[in-house]
Amino acid sequence: MTKRADGAGIDESLVERLIAAQFPQWAGLPVRKVTSAGTDHAMYRLGEDMTVRLPRIPDAEGQVAAEQRWLPHLAPHLPLEVPEPLGHGAPGEGYGSAWSVYRWLDGENLYDRPLTGSGLQDAAAALGRFLAALHRVGTAGAPRSFRGGPVDTADDEVRAAIRDLGADGTHDAGAATAAWEAAVRAPGWRGAPVWLHGDLLPGNLLGRRGRLAAVIDFGLVGVGDPACDLMAAWTLLTAETRDAFREAAGVDDATWARGRGWALRFGLTAEHYYRGGLNPVLARTGHRAAAEAIADHHRS
C-alpha cells in the first residue's frame, strides 16, 4: 500500500531508493538527513551539491509544484540566492507524494545561528531590497498566496491565543488585544497583487560568514497583499534594525501596520500551539514575534 506524505517511513533508505529509481545518474551518492525545525518537509543532503525535499504532511504536497513552477521565474530578478530546482520526483517506492531535488545552498539558518550587530543591520536592508525586488516581478498566471489575504481571517484563533496566553501571564492580554485590534483596523491593500514568499521566518533564511545570503522554502509562494512578508521585522529584526528594513522595502504606513498584525497573528498562534515541547523552536520564535509586535505597537 502506498503511504500518504505524513512523515512516517521517510528516511535515508527511502531517499536512496527514490533517487536510484528516478534519477539513476545520482544513485550511490551519500544521503544524510538535514535537521530542521520546519513542520512541512523532510530534507536530506544528496552528495555535496544537492538536497532532496519531501513533503511529510498532506497539506504540503502542493508546494512541490509551486516551487518547481515559480522559482525559475523569480530567481533571475532577486538579489539573494534562492533554491534552484534540479529534479521533480514522482510518487514511488511506497511514498505517495511528488518531491524535489535542489542545488545545495551553503549557510546556516538563522534559527541555529542568528545574525548580530552589523550583520543584522546589513540583513535588514538586504531583506528589504529582496522584498522590493520580489514585488516588482511580473505576476501573470501566478497563484494566490495562502497568506495573501486580510490578516483578520484568523481572528478567532488569535483571540483564543490571547485569552490563554494572557491567563497564564505569558503576555499582557490587554496590550495584545490593543495591538491586534489596531492591525485589524488598518486600511486594507488596494494595489494589484504582488509576489509573496509567504513564510519569511528565520529558519527560511540562510546566513554565511555573518551576512544574509539566501532565502529558502518557497512552498507558500503566490501573490496578494505584501504585508505578511513584513513579519520578518518582528520575528527576526530588532527595534534598532527595523527602519532599515522598512526603508529598503518601501512600504506605506498601512502595510506596515498590517505586517505587524501578521507578526502578532503568527506569534500568538504559533506559541499557543507549539509550546509545551511540541516544537520548541517555533514556540520561541512565536513568543519573540508576539512580544516584539506588542511592544512596537505601544511605541508607535
Could you verify whether a donor N or O on one side chain and an acceptor N or O on the other, from [X] and [Y], lie under 3.5 Å apart?
{"X": "Thr153", "Y": "Arg265", "value": "yes"}
{"X": "Ser13", "Y": "Asp11", "value": "no"}
{"X": "His272", "Y": "Glu157", "value": "no"}
{"X": "Ser100", "Y": "Glu67", "value": "no"}
{"X": "Thr255", "Y": "Arg258", "value": "yes"}

For residues Phe23 and Trp99, establish whether the separation of their ring centroids is below 6.0 Å.
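Judged by ring-centre distance (under 6.0 Å), Phe23 and Trp99 do meet the cut-off.
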Can you confirm if the aromatic rings of Trp262 and Trp180 lie within a centre distance of less than 6.0 Å?
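No, the ring of Trp180 stays outside the 6.0 Å limit from the ring of Trp262, centre to centre.
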Would you call Arg242 and Glu247 a salt bridge, taking side-chain N to carboxylate O under 4.0 Å as the test?
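Looking at Arg242 and Glu247, the cut-off is not met.
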Any salt bridge linking Asp40 with Arg53? Criterion: basic side-chain nitrogen under 4.0 Å from a carboxylate oxygen.
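Result for this pair is no, no salt bridge flagged.
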CZ of Arg209: more than 12 outside heavy atoms within 6.0 angstrom?
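For Arg209, atom CZ is not crowded (no more than 12 foreign heavy atoms under 6.0 Å).
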Whether Arg144 side chain and Gly148 backbone form a donor-acceptor pair below 3.5 Å:
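Judged by distance alone, yes, a pair lies under 3.5 Å.
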Heavy-atom donor-acceptor pair, Arg147 side chain to Gly198 backbone, under 3.5 Å:
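Side chain of Arg147 to backbone of Gly198: a pair is present.
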